[in-house]
Amino acid sequence: MPFCTLVEFEWDESFGREQFTAAVGNADPGEELPTGCLSRITSIDDAGARVIEVWNSGEDARAFAERSAPALASAQMPRPARVTGFETTAYVVAPPG
């Protein structure tokens, strides 16, 4: 069963949309998703940012988190306001077209 992650950042006086965008762009992978990632949804608004990802497995999600941790640390991003991961009970995607 796929595994889903949700990461949320809340803006404050020291970290906002501009700093987030400078650190990770718009969190848009372009045509490339990390190995094991099935889909990514990103939302950036006046309150904060949210990244929702669906992975083949929890192991794939953890491996990506470990690989990306040094880059995020060097970007001096604050800790997310919320991080959660869970096994999905359903994951349905509409066919292209």
Side-chain angles (χ1 to χ4, degrees):
M1 212 28 117
F3 187 83
C4 186
T5 59
L6 168 64
V7 179
E8 293 180 288
F9 292 91
E10 294 176 353
W11 307 150
D12 63 22
E13 57 281 341
S14 66
F15 187 78
R17 180 191 299 246
E18 295 79 20
Q19 291 86 355
F20 181 84
T21 304
V24 298
N26 287 314
D28 180 4
E31 297 296 319
E32 300 277 330
L33 288 170
T35 300
C37 186
L38 303 173
S39 60
R40 177 180 287 157
I41 300 167
T42 304
S43 171
I44 301 172
D45 60 25
D46 291 339
R50 286 144 304 282
V51 180
I52 303 166
E53 295 170 323
V54 179
W55 298 88
N56 281 319
S57 67
E59 291 79 25
D60 287 334
R62 282 185 283 283
F64 175 72
E66 289 172 7
R67 284 192 313 271
S68 60
L72 293 175
S74 70
Q76 299 180 349
M77 291 181 59
R79 295 179 57 86
R82 178 178 175 198
V83 177
T84 189
F86 50 91
E87 295 286 335
T88 63
T89 54
Y91 177 63
V92 179
V93 179

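- The distance from atom CD1 of I44 to atom CZ of F20, rounded to the nearest 0.5 Å, is 5.0 Å.
- Note that CG of L33 and CG of L38 are 8.5 Å apart. Values are rounded to the nearest 0.5 Å.
- The shortest heavy-atom contact between A71 and S74 is O-OG, 2.9 Å.
- Contact detail for S57 and F3: the closest heavy-atom pair is C-CB, 3.5 Å.
- With a 6.0 Å radius and a threshold of 12 heavy atoms from other residues, nucleotides or ligands, D46 has its CG atom at or below the threshold.
- In terms of modelled atom types and a separation under 3.5 Å, the side chain of T88 and the main chain of P2 share a donor-acceptor contact.
- Remark: F86 CZ to M1 CE distance equals 12.5 Å, nearest 0.5 Å.
- For the atom pair SG of C37 and CD of E32, the computed distance is 11.5 Å after rounding to the nearest 0.5 Å.
- For Q19 (side chain) and G16 (main-chain N/O), a donor-acceptor pair under 3.5 Å exists by modelled atom type.
- One finds the CZ atom of R67 at 13.0 Å from the CZ atom of R62 (value rounded to the nearest 0.5 Å).
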CA sep, side-chain torsions, deciding dist, call: R17, D45, salt bridge (Lys or Arg N to Asp or Glu O under 4.0 Å): CA-CA 8 Å; R17 180 191 299 246; D45 60 25; 5.7 Å; no
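- Below 30°, between 30° and 60°, or above 60°: for F15 and F9 the angle between ring planes is between 30° and 60°, a tilted geometry.
- One distance of note links CZ of R82 with CG of L6; it measures 5.0 Å at 0.5 Å rounding.
- Residues V7 and W55 do not share a hydrophobic cluster, clusters being chains of Ile/Leu/Val/Met/Phe/Trp/Tyr side chains in contact below 4.5 Å.
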Given side-chain contact (heavy atoms from CB on, under 4.5 Å), test I52 with C4 step by step and report yes or no. CA-CA 7 Å; I52 303 166; C4 186; 3.8 Å; yes
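- In the hydrophobic cluster analysis, where Ile, Leu, Val, Met, Phe, Trp and Tyr join through side-chain heavy atoms closer than 4.5 angstrom, V83 is grouped together with M77.
- Two different hydrophobic clusters hold V51 and Y91 under the rule that ILVMFWY side chains link at heavy-atom gaps under 4.5 Å.
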